Amino acid sequence: MNTDFHARSFSLLSEQLGAKGIKAAELVSRISAFQIAVPSWALGAGGTRFGRFSIGGEPRNLEEKLEDIGLLSKLTKRTDAVSLHIPWDIPQDSQAVKQKAASLGISFDAMNSNTFQDYGQPLSYKMGSLSNSDSAVRAQAVEHNLQVIDIGKSLGSKGLTVWLADGSNFPGQAHFRKALQWTTESLKEIYAEMPHDWKLLLEYKPYEPNFYHTVIPDWGTSALICRQLGDRAKVLVDLGHHLPNTNIEQIVATLMHQNLLAGFHFNDSKYGDDDLSTGSVKPYQLFLIFCELIGGAAEGAQAWDSISWMIDASHNTKDPLEDLIQALEAISQAYAKALLVDREKLTQCQNEGDVVGAQEVLQEAFLTDVRPLVREARIQSGGEAAPLDFYRREKIRESLIAKRGKNAQASGL
Ligand code: AFD
Ligand code: MN
Ligand code: MN
């Protein structure tokens, strides 16, 4: 990136924004402060049930995953936390892992439990976990979540994300109400043991891996359960966990209205839980979600700092680190654009029924090229002006392959 080009584009944009009474310096500091956690499982090539294509140089263990996130943090200055998945990321020595992470400027975001696979535990989760009709399986799944909390406590995490694959594939297979009741009772046991400075992020998903029903299929069911657990249980919105054309920005507004938004798993999709790079398919939707977040926080619906931000994407085709560089950029751009919305004018248009005017307010912000702001935030924080160019110019993937091997498999199941 030509620094002179950046200086000129940043100064021109600052002037344009200044003419609207917007201080570029303030935007830059808000963008710099906005950090997004990276999931440990996104650092290796993803896969589908139709196969997985290794990228080479993937992390082989938790320490190497932390190194990759440390690199992302150094280049982009947009991430300072990792979200672990247990049992994929069981630390052999928690203190050593914590020290390694601290040396890289990485903290531990919410922990993710896993009762959607069998990994040698005594009782199978094939017919469900927290919702299983066998109380012994439910007890085992509760115990697993408590173990995940214990590991999280040793690392300094303050959150437990629960996503359940529980559901059924055929009509008649499950008892809808009993499955929901057992799930709620099991979550109550987990919640009761959770430290008082932790929060439970309850994730919903309409289908997959079960294709007839999922016990927690939507934001409403998650909210109903959270209400029965307590005020530190809130709803986690994974962008890919909605049926096509769902109005996600409305869900975000509704949850904030009840102070029930736990946070996000950012990704993008065309059809289902495709786990594509955030912002690669529906950037306008991502912008509209940030409009609700910024408006909701500004109007006191829910505090910005009470919301967790994390990417949850992983797929077969991109270099995982390049994918994450693009995702972090897209999230920062959507956030920056949403900060430009003239909310006073928007409210006036809404009150006056000026539909065209309201769209103009949103489009004015969305169509502003905010890359100079995001780049300035990166540079001022000591990051690279153009992280992707740097990553390729310095042949970082090639050096990871040389160090870790061509077909290293990310640790995980
Ligand atoms: C899968 C699920 C869900 C969960 C993630 C990590 O769909 O998004 O958050 O695995 O457990 O992507
Ligand atoms: Mn998710
Ligand atoms: Mn998912």
Side-chain angles (χ1 to χ4, degrees), residues 31-46 55 57-86 88-89 91 97-98 100-112 114 152 155-161 163 201 203 236-240 262-268 275-280 286 307-315 318-335 374 377-378 381 383-384 387-388 390-391 396-397 400 404 410-412:
I31 296 164
S32 296
F34 183 38
Q35 298 289 311
I36 300 114
V38 169
S40 62
W41 61 92
L43 296 155
I55 183 87
E58 295 168 75
R60 296 162 297 185
N61 52 51
L62 179 52
E63 286 70 15
E64 290 182 348
K65 290 180 183 178
L66 291 173
E67 285 165 12
D68 282 9
I69 297 177
L71 172 72
L72 277 174
S73 178
K74 188 163 146 272
L75 297 186
T76 66
K77 296 299 175 186
R78 297 267 63 70
T79 181
D80 61 5
V82 61
S83 182
L84 299 187
H85 213 292
I86 304 299
W88 299 343
D89 300 315
V97 165
K98 201 174 170 185
K100 170 101 181 171
S103 71
L104 295 163
I106 303 296
S107 61
F108 291 88
D109 201 77
M111 304 293 289
N112 296 269
N114 177 338
L155 296 170
S157 173
K158 298 287 183 196
L160 171 70
T161 295
W163 168 67
L201 303 89
E203 187 171 3
L236 181 83
V237 177
D238 181 307
L239 299 193
F264 291 88
H265 280 181
F266 289 117
N267 48 53
D268 214 333
D275 280 347
L276 303 177
S277 317
T278 312
S280 62
L286 187 62
I307 300 167
S308 297
W309 316 100
M310 188 188 111
I311 289 168
D312 177 10
S314 160
H315 46 82
K318 287 182 181 175
D319 174 325
L321 286 170
E322 292 190 338
D323 171 53
L324 287 162
I325 289 170
Q326 289 183 315
L328 290 166
E329 175 71 17
I331 295 164
S332 306
Q333 287 189 28
Y335 173 55
V374 177
R378 235 185 342 259
S381 308
E384 286 299 322
L388 203 48
F390 180 90
Y391 178 83
I396 293 177
R397 178 53 60 186
L400 291 173
R404 299 174 182 169
S411 64

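Here the structure is a predicted model, which means the values were calculated and not measured.
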Requested in this report: Keeping the roles fixed (side chain from Asn267, backbone from Asp312), state whether a donor-acceptor pair exists under 3.5 Å.
Outcome: yes
Query raised in the report: Using 4.0 Å as the upper bound for N to carboxylate O, is an ion pair formed by Glu67 and Arg404?
Result: yes
Query raised in the report: Quick one: does Ser157's side chain have a donor or acceptor within less than 3.5 Å of a partner on Asp109's backbone?
Result: yes
Report summary line: d(Leu201 CG, His265 NE2) to nearest 0.5 Å is 7.5 Å
Report task. Output yes when a side-chain donor or acceptor of Glu58 lies under 3.5 Å from a complementary backbone atom of Ala45, and no otherwise. Result -> yes
Query raised in the report: Shortest non-hydrogen contact from Gly279 to Ala330?
Result: CA-CB, 4.0 Å
Requested in this report: For Ser40, enumerate each residue passing the side-chain contact (heavy atoms from CB on, under 4.5 Å) test, keeping only those at least two apart in sequence or located in another chain.
Outcome: Lys65, Val82, Leu84, His85, Asp89
Query raised in the report: Stepwise, does the side chain to side chain contact (heavy atoms under 4.5 Å, CB included) test hold for Val97 with Phe108?
Result: CA-CA 10 Å; Val97 165; Phe108 291 88; 3.7 Å; yes
Query raised in the report: Which one of Asp68, Asp323, Asp319 satisfies the salt bridge (Lys or Arg N to Asp or Glu O under 4.0 Å) criterion with Arg397?
Result: Asp319
Report task. Taking all non-hydrogen atoms of both residues into account, name the closest pair between Ala110 and Leu160 and its distance. Result -> CB-N, 4.4 Å
Query - Gap between atom OG of Ser280 and atom CG of Asp268 - 0.5 Å precision - result: 4.5 Å
Requested in this report: Before accepting this row, confirm whether a basic side-chain N of the pair Lys318/Glu322 lies closer than 4.0 Å to the acidic partner's carboxylate O.
Outcome: no
Query - Evaluation steps, side-chain hydrogen bond (donor to acceptor under 3.5 Å, both in side chains), between Ser83 and Asn112 - result: CA-CA 7 Å; Ser83 182; Asn112 296 269; 2.7 Å; yes
Query raised in the report: Taking the six-membered ring for Trp, are Phe264 and Trp309 parallel (under 30°), tilted (30 to 60°) or perpendicular (over 60°)?
Result: parallel
Query raised in the report: Any Lys/Arg nitrogen of Glu329 or Arg378 sitting under 4.0 Å from an Asp/Glu carboxylate oxygen of the other?
Result: yes
Query raised in the report: How far apart are the closest heavy atoms of Gly46 and Ser314, and which atoms are they?
Result: CA-OG, 3.1 Å
Report summary line: Here the gap from Leu328 atom CG to Leu75 atom CG, rounded to the nearest 0.5 Å, amounts to 10.5 Å
Query raised in the report: Of all heavy-atom pairs between Ala313 and Ala42, which one has the smallest distance, and what is that distance?
Result: O-CB, 3.3 Å
Report summary line: Correct closest heavy-atom pair for Ser277 and His315 would be OG-NE2, 3.8 Å
Report task. Carefully, step by step, assess Ile86 and Met111 under the rule side chain to side chain contact (heavy atoms under 4.5 Å, CB included). Result -> CA-CA 8 Å; Ile86 304 299; Met111 304 293 289; 3.9 Å; yes
Query raised in the report: Considering only heavy atoms from C-beta outward, does the side chain of Leu286 approach that of Phe266 to under 4.5 Å?
Result: yes
Query raised in the report: Is there a donor-acceptor pair closer than 3.5 Å between any side-chain N or O of Gln35 and the backbone N or O of Lys77?
Result: yes
Query - Atom pair CD1/CD1 of Ile36 and Ile331 - distance to nearest 0.5 Å - result: 4.5 Å
Query raised in the report: Under 3.5 Å, is there a donor-acceptor pair between the side chain of Arg78 and the main chain of Val374?
Result: no
Query raised in the report: Does the Thr76 side chain pair with the main chain of Ile325, one donor and one acceptor, at a distance under 3.5 Å?
Result: no
Query raised in the report: Does a sphere of radius 6.0 Å around NZ in Lys74 hold more than 12 heavy atoms from other residues, nucleotides or ligands, not counting ones at 6.0 Å or beyond?
Result: no
Query - Heavy-atom donor-acceptor pair, Ser73 side chain to Ile69 backbone, under 3.5 Å - result: no
**Report entry** Verdict with reasoning, Glu203 to Thr161, per side chain to side chain contact (heavy atoms under 4.5 Å, CB included)
**Finding:** CA-CA 7 Å; Glu203 187 171 3; Thr161 295; 3.8 Å; yes
Report task. For residues Ile311 and Ala327, report the shortest heavy-atom separation together with the two atoms involved. Result -> CD1-CB, 3.9 Å
Query raised in the report: Between Phe390 and Ile396, is any pair of side-chain heavy atoms under 4.5 Å apart?
Result: yes
